[in-house]
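Since this is a predicted model, take the numbers as computed values, not measurements.
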Amino acid sequence: MTGIADTGFIVAFAWQNDQHHSWAVDIASQLTAPLLTCEAVLAEAAFHLQSSSYVLSLLHDGLVRIAFDCNRHLEKLEELARRYEDRQPDLADLCLIRMSEIYPKHPVITVDEADFRIYRRNKREMIPIVCPPAH
């Protein structure tokens, strides 16, 4: 399995008491390559986990790999920010939408199903997601 990691996945993977921890560990066990992500997701995860060193260890150990440069995609990010202004997306979500356009065969692995069911890549396409089963 390959994919694009969202903040919620990383947090769920890290915290054993997170309601989605078992799901995240199961997803990680199925990986055939590091999950792609962006620095905005890693910054959010470090904030939520209160541990930059843990997040850096995920990079070092190869669970995730940075595969996005905001500078190279600034115009598209600004366009997405305007398009979804009413939803007030954070930078990480905008980067993940753009990453989904760049890596169309990679689903976004997220616990935030609601927003990613609304967001569209290439203006009209649903973004494929992998999320925890509904309770």
Ignoring hydrogens, what is the shortest heavy-atom contact between [X] and [Y]? Give both atom names and the distance.
X      : Y      : result
Phe13  : Ala28  : CE1-CB, 3.5 Å
Ala67  : Leu36  : CB-CD2, 3.8 Å
Arg121 : Ile127 : N-CG1, 3.8 Å
Asn122 : Glu125 : ND2-OE2, 3.2 Å
Tyr84  : Ile118 : OH-O, 4.2 Å
Lys123 : Arg83  : CG-NH2, 3.2 Å

Any chance you could measure [X], atom [atom1], to [Y], atom [atom2], to the nearest 0.5 Å?
X      : Y      : atom1 : atom2 : answer
Met126 : Ser100 : CE    : OG    : 11.0 Å
Leu31  : Ile109 : CG    : CD1   : 6.0 Å
Glu44  : Ile10  : CD    : CD1   : 9.5 Å
Arg65  : Leu58  : CZ    : CG    : 15.0 Å
Asp69  : Asn71  : CG    : CG    : 5.0 Å
Tyr119 : Thr110 : OH    : OG1   : 9.5 Å

For this session: Evaluate the side chain to side chain contact (heavy atoms under 4.5 Å, CB included) criterion for residues Leu94 and Glu78: first the C-alpha distance (whole Å), next the side-chain angles of each, then the deciding distance (0.1 Å), finally the verdict.
Result: CA-CA 9 Å; Leu94 296 175; Glu78 291 171 333; over 6 Å; no

Exercise. Passes side chain to side chain contact (heavy atoms under 4.5 Å, CB included), Leu96 versus Phe68? Steps please.
Worked result: CA-CA 9 Å; Leu96 294 177; Phe68 188 75; over 6 Å; no

Please indicate whether [X] has more than 12 foreign heavy atoms, meaning atoms of other residues, nucleotides or ligands, lying under 6.0 Å from its [atom1].
X     : atom1 : answer
Tyr54 : OH    : yes
Glu79 : CD    : yes
Arg87 : CZ    : yes
Gln30 : CD    : yes

For this session: Using the side chain to side chain contact (heavy atoms under 4.5 Å, CB included) rule, take Val41 and Asp6 through it: C-alpha gap first, then chi angles, then the decisive distance, then the call.
Result: CA-CA 6 Å; Val41 163; Asp6 190 11; 4.2 Å; yes

Hydrophobic cluster membership, [X] vs [Y], 4.5 Å side-chain cutoff:
X     : Y     : answer
Val55 : Leu91 : no
Trp15 : Val25 : yes
Phe47 : Leu59 : no

Problem set entry | Heavy-atom side-chain contact between Cys95 and Leu77 under 4.5 Å | yes

Exercise. Heavy-atom distance under 4.5 Å between the side chains of Ile97 and Val108, does that happen here?
Worked result: no

Exercise. Do Glu101 and Arg98 meet the salt-bridge criterion of a basic N to acidic O distance under 4.0 Å?
Worked result: yes

[X] (side chain) donor-acceptor with [Y] (main chain) under 3.5 angstrom:
X      : Y     : result
Thr37  : Ala5  : yes
His106 : Ile4  : no
His20  : Ala12 : no

Exercise. Could you go step by step and tell me if Val111 and Thr7 meet the side chain to side chain contact (heavy atoms under 4.5 Å, CB included) rule?
Worked result: CA-CA 8 Å; Val111 299; Thr7 305; over 6 Å; no

